[in-house]
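What follows is a short report on a single structure.
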Number of protein chains: 2
Amino acid sequence: MALSQEKIILNCPFRQTLDVLEGKWKFAIIHSLLLHGTMRFKALERDVEGITARMLIKELKLLEAHGIVHRRAYATVPPTVEYSLTECGQSLEPIIQAIQAWGIQNQAVITQSKISTARKTPAAARKA
Amino acid sequence: MALSQEKIILNCPFRQTLDVLEGKWKFAIIHSLLLHGTMRFKALERDVEGITARMLIKELKLLEAHGIVHRRAYATVPPTVEYSLTECGQSLEPIIQAIQAWGIQNQAVITQSKISTARKTPAAARKA
DNA sequence: CCGTATCCAGAGGGATACTG
DNA sequence: CAGTATCCCTCTGGATACGG
């Protein structure tokens with residue numbers, strides 16, 4: 001399938017998709033859910049290295065609102081909450097796979113041309 | 001091809017790819033360059049609806065540093081600068097295509113479940 | 001365990017004016 | 001045309017503490 005020839009206008013399907021997937025963590029969260037299927041909150045937090053609980057819940061809420069992720073809570077003590085991809089979310093798999101495939105293919109190139117994108121976290125900066 | 005079973009750790013190929021493609025405009029810029037091949041700065045600015053010259057040049061610099069985009073300047077008056085994708089950049093096409101395909105497939109769903117993500121620009125907020 | 005609330009530094013990013 | 005420079009606001013997103 002060839003790329004559409006229309007202009008990269010706002011509200012075209014391409015840009016709308018980017019809106020849904022924007023943010024620092026959405027791809028990683030979806031990747032993790034694709035790998036493991038249903039996951040508890042804590043499992044996701046452990047699996048997506050570097051994310052904080054605060055950001056995880058925010059991103060999950062957004063994904064849920066867009067119909068990508070399904071949330072199911074059980075009235076147990078302590079609470080149990082399970083997240084999984086909806087059918088719509090599962091259909092994102094080709095995108096995740098394409099990104100991963102490119103990463104594997106170009107790992108050497110990326111590492112080589114890597115600029116100092118490394119930025120200090122606020123906390124790290126304060127300590128310094 | 002199945003997704004890799006490794007944890008979504010920092011510095012895995014998947015996360016590194018996200019680092020390269022992070023930011024609000026990179027996917028759209030690459031999409032445009034895939035469609036049109038070599039483009040002048042002004043053409044890109046027109047094609048990627050909503051981007052400002054400031055952000056465009058910033059994103060292009062980063063993409064160039066990562067070896068995704070090639071920049072060629074001609075010593076003409078007025079100046080002519082052409083941007084194109086490197087071979088490495090062209091290899092991102094499957095990702096762009098996957099995103100676009102998903103957008104077309106799920107356009108109805110997205111539009112329907114759209115939350116008020118609309119946010120005022122600083123200028124719009126000042127005027128209000 | 002699963003969140004929420006609050007605080008806050010700084011990166012992202014728009015507007016505008018200016019240069020070669 | 002192809003950028004730079006400056007200003008400044010907003011939102012992201014980390015740290016921390018707390019509630020059900």
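Treat the numbers as computed from the prediction; the structure is a model and nothing was measured. So you know, we letter chains A, B, ... as the sequences are listed, proteins then strands, and number each from 1.
Residue A/R40 places its side chain closer to C/dC2 than to any other of C/dG14, C/dG3, C/dC2. With D/dA15, D/dA2, C/dG3 as the choices, the nucleotide that has an atom nearest any side-chain atom of A/T52 turns out to be D/dA15. With C/dT4, D/dA2, D/dT4 as the candidates, the nucleotide lying closest to the side chain of B/V81 is D/dA2. The listed nucleotides are C/dG14, C/dC2, D/dA15; the one nearest the side chain of A/R54 is D/dA15. Closest to the side chain of A/P79, from the set C/dC1, D/dA2, C/dG3, is C/dC1. Nearest to the side chain of B/W25, among C/dG14, D/dT4, C/dC2, sits C/dG14. Listed nucleotides: C/dG14, D/dG13, C/dC2. Nearest to the side chain of A/K58: D/dG13. Considering only side-chain atoms of B/K42, the nucleotide from C/dT4, C/dC1, D/dA2 that sits closest is D/dA2.
Following rounding to the nearest Å, B/R71 (CZ) and D/dC1 (C1') show an atom-to-atom distance of 12 Å. The nearest whole Å value for the distance from the CZ atom in A/R46 to the C1' atom in C/dC1 is 10 Å. What separates NZ of B/K24 from P of D/dC11 is a distance of 11 Å, to the nearest Å. Regarding B/E45, its CD atom lies at a distance of 13 Å from the C1' atom of C/dA15, rounded to whole Å.
Nucleic acid contact class of A/Y83 (heavy atoms, under 4.0 Å, all strands): sugar-phosphate only.
Side-chain atoms of B/E64 and B/Y83 form no donor-acceptor pair, as typed in the model, at a separation below 3.5 Å.
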